[in-house]
Amino acid sequence: MPGQQTERRSPAYLDIARDLGDEIRRGRFPVGQNLPSERQLATEYGVNRQTVRAALQHLRTQGCVAGDHLGTYVLAPRDGQAARPSPGPAPAHAFPGSFLRPARAATGHGRLLRRQPEHWAAAALELPAGRAALTYDHRLRDTEGRTLQSARSWFAPVLTVLVPQLGRAVWALGEAPAESGQDADLGDLYGWAAAAGLRLRAADSVQLARGTAEHAAPDGLEVRRTIADQHGRPLIGTAFRIADESAELRYADSQAILPGDRQPRSAAAARRIAEPDRAVLSSWASPNAPDRGLALRARIVLACEHASAEDAAGRLGHSAALVAAWRDRFRAGGLQALEASPRRARRRPR
């Protein structure tokens, strides 16, 4: 419950994310409508806005919500579950990411330790030669315990300052032996970075790799990923090893790491408007329609069926950001999303 001061066994942002997720599933926040503002949520839960941003980012990675300049709004569930971005090419939303084919079910396990980085990573992160760096070893294994993907990440020291959660994990590492380290779950690292105001981008290179006892990927592929922030500072270097029969490498180089709005499976399919919806939209878009705001939103959706947001914005005389926002809200929640007020939602009494 908001405002209660109780001892937490999990991070505050996860508690908030779970609470909001429960309310979304119960229908308190309809599809296509805004959640309360960051300021309002921070007040209700008694936390700062960075904690709220981390909670909303966690919901985005689960495919429950998306954001635009009008606010953070609810996405439609898919097959009774929270809608998730398409798996595969990644980078996957959980750190460090996955290059496994969607059909390969796997569970992850990570360890935080200190280890000397590989030469390419030391150079990319501008780390001193021959010196151990904060390292994260992560393995994805199938149900029989076989390693399908291994990933080793090295962090620039400044990242532990910029991202407090990572800094606390390093503090907890304490005096653990450098080679053994301790179990750790950094899956929410991208969300932590977003809450800290970092916008991360990745550049990848792919090469063949011979299996080793250390990486346990037999004659597969290696992907070397360097992640920098919006200022160009290199922060993370990761070497992925993937068994070739498990690899899924359809992705665009230098793409944004942090998830944005859910992308449609097919652009053409996403643009098509069902005939019943088209009839309603046409009636709303009538020049004599009483609700001018609703008429504009309907015209935006109709204009985007056969044009990009930029082209539709030029024809309608509005900003591309506004056009893209209402187009995406219609794709997320249908007609009811257009009927919703763009103002921030208020929490209903429990």
Side-chain angles (χ1 to χ4, degrees), residues 1-47 49-68 70-88 92-95 98 102 105 107-108 185 187-188 190-192 194-195 258-265 270 274 277 325-350:
M1 293 285 291
Q4 287 184 341
Q5 299 298 324
T6 58
E7 183 179 353
R8 299 183 185 273
R9 295 184 178 181
S10 59
Y13 80 94
L14 285 181
D15 290 341
I16 296 171
R18 280 193 291 267
D19 188 51
L20 291 174
D22 289 342
E23 294 200 357
I24 289 171
R25 285 185 286 274
R26 288 195 296 266
R28 290 182 181 272
F29 302 115
V31 173
Q33 295 193 19
N34 278 357
L35 296 178
S37 69
E38 289 181 1
R39 185 184 300 276
Q40 183 180 350
L41 289 173
T43 299
E44 290 179 351
Y45 284 100
V47 298
R49 292 179 67 177
Q50 284 191 345
T51 301
V52 170
R53 289 191 191 110
L56 296 178
Q57 181 61 40
H58 185 76
L59 290 174
R60 290 188 188 99
T61 66
Q62 300 300 309
C64 296
V65 301
D68 55 34
L70 298 175
T72 299
Y73 62 96
V74 179
L75 294 175
R78 183 181 300 169
D79 297 330
Q81 301 295 326
R84 293 177 178 270
S86 298
H93 298 324
F95 181 81
S98 170
T107 56
D185 182 3
D188 286 331
Y190 294 143
W192 300 341
L258 295 178
D261 294 350
R262 181 180 56 175
Q263 296 298 316
R265 201 176 306 174
D277 287 352
W326 285 114
R327 175 203 63 192
D328 292 345
R329 284 172 182 245
F330 174 76
R331 292 175 181 174
L335 296 173
Q336 72 169 0
L338 300 186
E339 293 181 283
S341 169
R343 291 175 296 180
R344 302 280 184 172
R346 292 187 177 277
R347 182 181 297 277
R348 300 178 185 177
R350 292 176 180 263

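Since the model is a prediction, treat every value here as computed from it, not as a measurement.
Among residues two or more places apart in sequence or in another chain, the side chain to side chain donor-acceptor pair (under 3.5 Å) test is passed with Arg53 by Glu38.
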For this session: Start with the C-alpha distance between Leu70 and Trp326, add both sets of side-chain angles, then the distance that settles side-chain contact (heavy atoms from CB on, under 4.5 Å), and finish with yes or no.
Result: CA-CA 9 Å; Leu70 298 175; Trp326 285 114; 3.6 Å; yes

For this session: Kindly indicate, with the supporting measurements, whether the criterion side-chain contact (heavy atoms from CB on, under 4.5 Å) is fulfilled by Thr51 and Ile16.
Result: CA-CA 9 Å; Thr51 301; Ile16 296 171; 4.1 Å; yes

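Asp328 places a side-chain heavy atom less than 4.5 Å from the side chain of Tyr73. Between Gln40 and Val52 the shortest side-chain heavy-atom distance does not fall below 4.5 Å.
In this structure, CD on Gln33 lies 14.0 Å from OG1 on Thr72, to the nearest 0.5 angstrom. Here the straight-line distance linking atom OG of Ser37 with atom CD of Glu44 works out to 8.5 Å at 0.5 Å rounding. Taking CG of Leu20 as the reference point, atom CD1 of Ile24 lies at 6.5 Å (rounded to 0.5 Å). The CG atom of Leu56 sits 12.5 Å away from the OH atom of Tyr13 when rounded to the nearest 0.5 Å.
The number of heavy-atom neighbours closer than 6.0 Å to CZ of Arg39, taken from other residues, nucleotides and ligands shown, is 12 or below.
Annotation for Leu75 and Val65: closest pair CD1-O, 3.6 Å, computed over non-hydrogen atoms. The nearest pair of heavy atoms linking Ala55 to Ala17 is O-CB, 3.8 Å.
Between the side chain of Asp188 and the backbone N or O of His58, no donor-acceptor pair lies under 3.5 Å.
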